[in-house]
Amino acid sequence: MNSRSDSPRAEDARRQPIWEHVIEPKGRIGFELAKGQVLRIVDLDGQQVADFICFNKHDLGEKISIHTTIMLNGNIHVGTGSTVFSDDARPMLKVLADTVGRHDLLAGTCCRGLNRLRYGVEDGPNCRASLAAVMEPHGVSYREIPYTFNVFMNVPVQADGAIGVEAPLSRAGDHIDLEAQMDLVVAISNCPQERNICNGFEATRLGLSIFEGAGA
C-alpha cells in the first residue's frame, strides 16, 4: 500500500470524466457520488491535503469510520486495494488507483480548538468548520462531523508509536481514485492549514473528476 502505483483497469474504464471541478486554496465542496462512480482527487500543484468525509446518501446517520477502516483493513495506511468502511462496517469506497502511497487516517481534522491550542488563533479557517458548512444544508451539525480520511497527508508512525506531521509526498498531478460502493454524499475541505508543514506551508488547489464505472 505504500508504493506509487496506478491501475490500468481504472484508466481504461474512465477516459472521459462526466464532471470536473477545481477546489481553490482553502475552499470546500459537497456533492453526490453514485454507487459505481469513481472520484479522482488530484493534487494539482503538489503537497496539498484533502480532508475527506462521506455519508450514506439514503441514511446520513451512516458515515465514514476511520476506526472501522483501520480495523477491517488491518492497516493504518490506505492505498490501492484498500476499502473505506462506514460506522456500520459496510464498504463505502474502494481505492482503485493511488500514485502517492501515503495518506493519513490518524491525525484527524484541524479545528478551532486545535488552532487555538497550537497557534493561539481563535478564528482562523479550519477543515472541521469547512466540512460542517458543506453538510449543514443536509442537517448534519458541526458536532456530527466524523474523523476525516486525509488524502495526501503524510503522518509517519515511529517504532515507539510516536507520530508527527511531515510534508506530503504528493507531487503536482498525483491522484487517488475512489470507487463508490454505495450512493454517497461527499464533503471535502481543501485544507487551509499554513502554520505547519502538512500542506508544505502553503495552501494550493485540488482537482476533482467523476467517472462512470466500468459497468456503466
Side-chain angles (χ1 to χ4, degrees), residues 4 6-7 10-11 13-34 36-55 57 64 78-80 84 92-104 107 109-111 124-138 140 145 148-154 167-180 183-213 216:
R4 288 174 175 268
D6 211 334
S7 165
E11 292 298 327
R14 303 185 312 282
R15 295 185 184 278
Q16 296 298 324
I18 61 172
W19 176 83
E20 293 181 291
H21 180 78
V22 173
I23 312 179
E24 294 301 324
K26 305 183 183 182
R28 63 202 186 205
I29 191 172
F31 53 92
E32 295 182 1
L33 188 69
Q37 290 181 336
V38 177
L39 171 65
R40 173 171 291 180
I41 304 174
V42 184
D43 189 346
L44 292 175
D45 304 303
Q47 297 191 328
Q48 177 59 45
V49 171
D51 278 45
F52 178 102
I53 58 174
C54 58
F55 300 77
K57 175 185 172 181
I64 188 173
V78 169
T80 303
V84 176
M92 302 191 90
L93 296 153
K94 185 175 181 61
V95 182
L96 294 186
D98 172 20
T99 67
V100 180
R102 178 59 64 88
H103 311 278
D104 169 63
T109 307
C110 59
C111 63
N126 64 84
C127 286
R128 191 173 181 189
S130 291
L131 295 169
V134 168
M135 293 306 301
E136 190 271 338
H138 297 275
V140 177
I145 296 299
T148 47
F149 170 27
N150 298 317
V151 178
F152 306 131
M153 191 170 181
N154 184 14
L169 302 181
S170 55
R171 303 186 291 257
D174 274 328
H175 66 272
I176 187 170
D177 289 357
L178 304 169
E179 182 183 62
D183 294 337
L184 299 171
V185 174
V186 171
I188 297 174
S189 171
N190 190 358
C191 183
Q193 186 59 259
E194 295 178 311
R195 293 180 172 84
N196 68 48
I197 203 171
C198 77
N199 296 313
F201 293 111
E202 179 184 8
T204 55
R205 304 170 303 154
L206 290 169
L208 305 176
S209 299
I210 294 176
F211 301 85
E212 293 291 3

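Along the sequence shown, residues are numbered consecutively beginning with 1. Just so it is clear, the structure is predicted and the values come from calculations on it, not from any experiment.
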Q) Measuring from Ile145:CD1 to Ile53:CD1, what's the distance to the nearest 0.5 Å? A) 4.0 Å

Q. For the atom pair CD (Glu202) and CD1 (Ile197), what is the distance rounded to the nearest 0.5 Å?
A. 12.5 Å

Q. Closest approach of Ser189 and Leu131, non-hydrogen atoms and distance?
A. N-CD2, 3.6 Å

Q: Say whether, by atom type as modelled, one donor and one acceptor occur between the side chain of Asn199 and the main chain of Glu194 under 3.5 angstrom.
A: no

Q. Do Phe55 and Met135 have side-chain heavy atoms sitting under 4.5 Å apart?
A. yes

(Q) When you compare the side chain of Pro192 with that of Pro25, does any pair of heavy atoms fall below 4.5 Å? (A) no

Q: Return the minimal non-hydrogen interatomic distance between Val134 and Ala187, and the atom names on each side.
A: CG1-CB, 3.8 Å

Q: Determine yes or no for a side-chain-to-main-chain donor-acceptor pair under 3.5 angstrom, with Asp177 supplying the side chain and Arg40 the backbone.
A: no

Q. Between CD of Gln37 and CD of Glu32, what distance do you get to the nearest 0.5 Å?
A. 9.5 Å

Q. Under 3.5 Å, side chain of Asp104 to main-chain N/O of Ala107, donor-acceptor pair present?
A. yes

(Q) Distance check, rounded to the nearest 0.5 Å: Cys110 atom SG versus Asn126 atom CG? (A) 5.5 Å

Q: List the atom of Thr204, the atom of Asp45, and the distance in Å for their closest heavy-atom pair.
A: CB-OD2, 3.6 Å

Q) Hey, is the main chain of Phe152 close enough, under 3.5 Å, to the side chain of His103 for a donor-acceptor pair? A) yes

Q. Got a second to check how far Glu20's CD is from Phe211's CZ, nearest 0.5 Å?
A. 7.0 Å

Q.
I need the single residue from Leu93, Val38, Val95 that forms a side-chain contact (heavy atoms from CB on, under 4.5 Å) with Glu179. Which is it?
A. Val38

**Q.** Contact summary for Ser170 and Asp43, nearest pair of heavy atoms
**A.** OG-OD2, 2.6 Å

Q: Might you work through the side-chain contact (heavy atoms from CB on, under 4.5 Å) test for Ile188 and Ile41, ending with a clear yes or no?
A: CA-CA 10 Å; Ile188 297 174; Ile41 304 174; 4.2 Å; yes

(Q) So if I apply the side chain to side chain donor-acceptor pair (under 3.5 Å) rule between Asn190 and each of Arg205, Gln48, Lys26, which one comes out positive? (A) Gln48

Q: List the atom of Val49, the atom of Cys198, and the distance in Å for their closest heavy-atom pair.
A: CG2-O, 3.3 Å

Q | Polar side chain donor-acceptor pair, Thr99 to Asp174, under 3.5 angstrom | A | yes

Q) For Ile176, which of Val42, Leu39, Asp98 qualifies under side-chain contact (heavy atoms from CB on, under 4.5 Å)? A) Asp98

Q.
With rounding to the nearest 0.5 angstrom, report the CZ to SG distance, Phe52 to Cys127.
A. 13.5 Å

